[in-house]
Amino acid sequence: MDIASKYNPKEVEEKILKEWLESPLFSAGANRAKKPFSIVIPPPNVTGILHMGHALNNTIQDVLIRFKRMQGYEALWMPGTDHAGIATQNVVERDLAKQNFKKEDIGREEFLKRLWQWREKYGSTIISQLKRLGASCDWDRLRFTMDEPYSEAVYEVFVKLYEKGLIYRGKRIINWCPRCKTALSDEEAAHKEINGWLYYLKYPVAKSGSEKVCDYVIVATTRPETMLGDTAVAINPKDERFGWLKGAKVILPIVERELKVIEDEAIDIGFGTGVVKVTPSHDLVDFNLGKKHNLEFVNIMNDDATMNDNAGEFSGMDRFEAREAILAVLEEKKLIDKKEPYKVSAGHCYRCHTIIEPRISPQWFVRMQPLAEPAIKAVEEEKIKFYPERWRKVYLNWMNNIQDWCISRQIWWGHRLPVWYCDNCFSGNDAGSNEESKKTGIVVSKQKPQKCPDCGSTKLRQDEDVLDTWFSSWLWPFATFYWPNFRGQGTGERGQTDDEKELNYFYPTSVLVTASEILFFWVARMIMAGLEFRKEIPFRSVFIHGTVRDARGIKMSKSLGNIIDPLEVIEKFGADSLRFSLMLLAAGGSDVYLSDEKFLVGRNFSNKIWNATRFIFLKISEANIKIDNLTLNDLDEVDAWLITELNSVAENVTRHLEDFRINEATKCAYEFFWHSFCDWYIEIIKDNFTGAKAKTAIYALVNSLKLLHPVMPFLTEEIFHLIKGNLSLELDESISRASWPRPLGTGVKADTEKINILFETIKELRNIKADLGIAQKKVKLQIKTSAENEKYLRPHENWIKRLSYLEAFEFTANLKRVIYKNALWELNLDVDEVNVKDFISALDKKINNIDSIRSKVAGRLENENFLKNASQETVEEEKNKFREIDFQLNRLKELKNAFR
RNA sequence: GGGCACAUAGCUCAGUUGGUUAGAGCGUUGCGCUCACAUCGCAAAGGUCGCCUGUUCAACUCAGGCUGUGCCCACCA
């Protein structure tokens, strides 16, 4: 049979992918005979394209799913995409802008039509890319957060929460993105420090409470433009410097408005001048002060953060333009005391990075505290476990300080609020919370109500707003199963049952794999929603992986231009290489630093596996060996050693995968395959290729492939097929459904100690030869040993000779000198012309090295406290170690003497 | 301001409960195209495990402090 000497991943992967997608290998359904294992995918943005973060995230999930599937679980990986409200709308708006349109020009209906078209066109891109990565999702289940059944879940949840008093409408100060022109939640306002100034402005004092100490008060501000909306200045009542200001009035410059002086404990006496300007309409703190002290609210901005008519002469200017203009006027009036450089923390829109403008507007909120309580408990009681564990604290800390969630968005792409207002009797009041309002003229309902329950009017108008994207994604773990409107009996295809049965079977899901960035956005909220609507946690474990960064440690992002495109890596080296390299690098939850050459490990390893297979096939066909089963018998020490190693590797890989230590699992399998299997075993069997050896090799190969399959699905599948096709073995259709390796029980137990002595000897001989400068010279090996040992050694003669590059074995009772000895034998290399000088200096170095270790161990053994306190085992170990080191030391010394 | 990580070979990082002669990949050096693989093999050089102080018979590992780096949270005008 002809197998290429270089592995061609592209060709193989595309072929295998096609087979997979045409098969039902990855489908799952409620199956009583098996235990469930389920993962819901973090749904990527429907218009997204695969980036390295996706590659990492989804490879991890695929590894876990494939592992569990092979272990015999009913493994479901639920795929889907997210409509990603603001992000997607922005993309389509940009597209419109290219044609010189604004969305308002074409209207809501037409705009939404375009959005859906966009989704049809690009929505499957990322899905096919995930497939190409090898993701073994149950693709027939592909969900979308705006599918009709899914939307039903969203409305259901809104109505339920409203009825429970957990959703309310309120006029509050919220984070407003003046570019997207929508409200954002606190989480969507990313705080970043920017370099700014702290301006000290002088406000003239009109009349003082007691004796006027000064003509001005000086207030410090980072945002002078908001002064136009000031309606008070505030001091701390305990601040003795400003006792005279109590009850005073000051004049707001430019506007010439008279401002009250209010007193509040919240004012930090130590900051700035101790006097604060209060702008209730444009700052959260001031908003609260304004409510508390019953101040006037003056809004000075439009929704795009330009100044409105309340800004007088500055009307129409952008907020930053207005800042400069106002400063110029104040400068002219000599009302600027000073300015200092200052780092300001400002919220930025997480979608377009525009600086947030706090803005008062009516919005809808979810009261979070009641939802948070059980979600805190679930994690505290470890019903949900975090990996790495440190995220548990981060989660709990956030949950314990949770704020209400602003869920209404002033965009068009998303789930429209199931809220109707009566044209006749709705007066803009708040709604939903019991004390705050009377709910007049508001109906919250999944369907459009016939008439207003308050006044009977039929003129009802649906709220224009849509819901925060996360208000739909927090239902993902159960809404993907068609909750709450389960379909009837399933079709029976692929063993599927009806929806509810499936939900009950697969929920709670097993593990959620995600990045830390969306811990609050998504993970925490899913836990709350799961507990609220299913009365059960949504997943048992949360595995949080790191961020993908470039070689300099900077987060990869398209806008920074430092991305490595996973698709290019796939094209060049194959998805297996990409996956393998990522899994090797992504330790626990640590960040992954990538550069192009990092993928060579994966490429090289793929090729290694390919060639090892190729070689074994070659030998089998050369020797005309027939293998029709994998029952191992006639194993010699070397075969048994390999199988013993394999067993322990299988055990370790399994253990590591169970604990989400994928990198360790990958490394174990890699080392076994490359070093134990290729470097030792295959080398050993080269000139002693018996039927038993062939079988052992194939057995080890098949099981290595299985261990590697979760990480390198394509290559392992291809070779699995090759083995099945060429060796007439009874194997599964696909390795993805083959059983996970279990240690072979009795019968195979290697005398690893003796074999290891041989391996050590070979390494030592190579070493000595290199030091003597005769690495490539085939010399005779003289051996002095017992008859019994000779009998043991004889069968291994050939490979020992070859691996240590020797010409011949000679058993003799008289050695000219001893250059090496161990428990089995004493050796000499029959050679005269050698580089004694280098050899002796290399020896000296080794002797020194070992000598220092020897004295360390000796010191320990002479220490009475050690002997007294350390465990019996430890002491024994140390004693053994000492004997071993002592033996080595003497040997080296003898060797040195022999060459002197 | 609060919290959380991280600091181990030239580079990138492993190191699961304290006892190891501290490992890997890449890079470097030397030797080799020995009938799979040069995307390979064999070997070598290279580390006072950030610093200090404790706990312990024993610390890369535990505790406290320090320094540096990164991240998250927060109504720091």
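On a predicted model such as this, the values are computed, not experimentally measured, just so you know.
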Colleague: Please check if atom NZ in A:Lys192 has more than 12 non-hydrogen atoms from other residues, nucleotides or ligands closer than 6.0 Å.
Modeller: yes

Colleague: Take nucleotides 9-22 of chain B nucleotide by nucleotide from the 5' end and write B, S or -, depending on whether a protein heavy atom sits under 4.0 Å from the base, only from the sugar-phosphate, or from neither.
Modeller: ---SSSSB--BSB-

Colleague: Taking atom P in both B:A59 and B:C66, what distance in whole Å separates the two?
Modeller: 23 Å

Colleague: Taking side chain as C-beta onward, heavy atoms only, is A:Ser606 less than 4.5 Å from A:Met712?
Modeller: yes

Colleague: I need the CD1-P distance between A:Ile684 and B:G41, as an integer number of Å.
Modeller: 15 Å

Colleague: Walk me through whether A:Tyr681 and A:Phe673 qualify under ring-ring contact (aromatic ring centres under 6.0 Å, His included).
Modeller: CA-CA 10 Å; A:Tyr681 189 75; A:Phe673 193 88; over 10 Å; no

Colleague: Determine the Euclidean distance between corresponding C1' atoms of B:G68 and B:U29; express it in Å to zero decimal places.
Modeller: 34 Å

Colleague: Is it true that A:Arg860 and A:Glu862 have a side-chain N and a carboxylate O under 4.0 angstrom from each other?
Modeller: no

Colleague: Write down the protein N/O and nucleotide N/O pairs, taken from nucleotides 31-34 of chain B, whose separation is under 3.5 Å; answer none if there are no such pairs.
Modeller:
none

Colleague: Who passes side-chain contact (heavy atoms from CB on, under 4.5 Å) against A:Asp268, sequence neighbours left out?
Modeller: A:Phe271

Colleague: What integer number of Å spans the C1' atoms of B:A5 and B:C13?
Modeller: 16 Å

Colleague: Just by protein heavy atoms under 4.0 Å, how would nucleotides 71-77 of chain B read 5' to 3' in B, S and -?
Modeller: --S-BBB

Colleague: Write down the distance between CD1 (A:Ile609) and C1' (B:C40), rounded to a whole number of angstrom.
Modeller: 15 Å

Colleague: Quick one: stems for RNA chain B, with Watson-Crick or G-U pairs under 3.5 Å, at least three in a row?
Modeller: B:1-7 with B:67-73, B:10-13 with B:23-26, B:28-32 with B:40-44, B:50-54 with B:62-66

Colleague: Report the nucleotide, chosen from B:A38, B:A36, B:G41, that has the shortest atom-to-atom distance to any side-chain atom of A:Lys6.
Modeller: B:A38

Colleague: Rounded to the nearest 0.5 Å, what separation is found between the CZ atom of A:Phe242 and the CD1 atom of A:Ile267?
Modeller: 11.5 Å

Colleague: Taking the P atom in each of B:C6 and B:G15, what is the distance between them to the nearest angstrom?
Modeller: 10 Å

Colleague: NZ of A:Lys385: more than 12 outside heavy atoms within 6.0 angstrom?
Modeller: no

Colleague: Testing A:Trp398, A:Tyr350, A:Trp405 one by one against A:Phe521 for a ring pair (Phe, Tyr, Trp, His ring centres under 6.0 Å), which residue passes?
Modeller: A:Tyr350

Colleague: Taking only the P atom of each, what is the distance from B:C26 to B:C40 in whole angstrom?
Modeller: 7 Å

Colleague: With sequence neighbours excluded, what pairs up with A:Gln776 under the side chain to side chain donor-acceptor pair (under 3.5 Å) test?
Modeller: none

Colleague: With a 4.0 Å cut-off on N to O distance, would you call A:Arg323 and A:Glu225 a salt bridge?
Modeller: yes

Colleague: Whole angstrom is fine here: how far is it from CG in A:Leu396 over to C1' in B:C4?
Modeller: 13 Å

Colleague: Going by modelled atom types, is there a donor-acceptor pair between the base of B:C37 and the side chain of A:Lys608 at under 3.5 Å?
Modeller: yes

Colleague: Under 4.0 Å: is that the gap between some side-chain N or O of A:Lys393 and OP1 or OP2 of B:C4?
Modeller: yes

Colleague: Apply salt bridge (Lys or Arg N to Asp or Glu O under 4.0 Å) to A:Asp687 and list each qualifying residue two or more places apart in sequence or on a separate chain.
Modeller: A:Arg802

Colleague: Rounded off to whole Å, could you give me the CG-to-P distance for the A:Leu803 and B:A43 pair?
Modeller: 10 Å

Colleague: Quick one: list whatever passes side chain to side chain donor-acceptor pair (under 3.5 Å) with A:Trp391, sequence neighbours left out.
Modeller: none

Colleague: Can you check the A:Asn611 CG to B:U39 P distance for me, whole Å?
Modeller: 11 Å

Colleague: Do A:Val779 and A:Glu807 come close enough that some side-chain heavy atom pair is under 4.5 Å?
Modeller: no

Colleague: Within 45° of the six-membered ring axis of A:Tyr200 and under 6.0 Å from that ring's centre, is NZ or CZ of A:Lys339 located there?
Modeller: no

Colleague: Roughly how many Å apart are B:G30 and B:G64, using the C1' atom of each and rounding to a whole number?
Modeller: 48 Å

Colleague: Would you measure the distance from the P atom in B:A44 across to the matching atom in B:A24 and give it in whole Å?
Modeller: 11 Å

Colleague: Between B:A9 and B:A22, how far is it from one C1' atom to the other, in whole Å?
Modeller: 11 Å

Colleague: Go through the structure and list residues passing salt bridge (Lys or Arg N to Asp or Glu O under 4.0 Å) with A:Glu658, not counting sequence neighbours.
Modeller: A:Lys68

Colleague: Output the residues of residues 599-606 of chain A in contact with RNA chain B, where contact means a heavy atom of the residue under 4.0 Å from an atom of the strand; sort by number or write none.
Modeller: A:Val601, A:Arg603, A:Asn604

Colleague: For A:Ala694, which residues count as a side-chain contact (heavy atoms from CB on, under 4.5 Å) partner, sequence neighbours excluded?
Modeller: A:Ile620, A:Ile625, A:Ile627, A:Phe689

Colleague: Provide, to the nearest angstrom, the distance between the CZ atom belonging to A:Phe673 and the C1' atom belonging to B:C40.
Modeller: 14 Å

Colleague: Hey, are A:Arg525 and A:Glu187 close enough for a salt bridge, meaning a charged N less than 4.0 Å from a carboxylate O?
Modeller: yes

Colleague: Under 3.5 Å, which donor-acceptor pairs do the side chains of residues 592-605 of chain A form with other protein atoms, sequence neighbours left out?
Modeller:
{"residue": "A:Ser595", "atom": "OG", "partner": "A:Glu597", "partner atom": "OE2", "Å": "3.1"}
{"residue": "A:Lys598", "atom": "NZ", "partner": "A:Tyr593", "partner atom": "O", "Å": "3.0"}

Colleague: Whether A:Lys845 contacts B:G46 is assessed here as follows: a side-chain N or O lying under 4.0 Å from the phosphate OP1 or OP2. Is that the case?
Modeller: yes

Colleague: Output the rounded distance in Å from NZ (A:Lys769) to P (B:A44).
Modeller: 15 Å

Colleague: Of A:Asn767 and A:Leu867, whose nearest nucleotide on RNA chain B comes first from the 5' end?
Modeller: A:Asn767

Colleague: Could you check how far CH2 of A:Trp610 sits from P of B:C40, rounded to whole Å?
Modeller: 17 Å

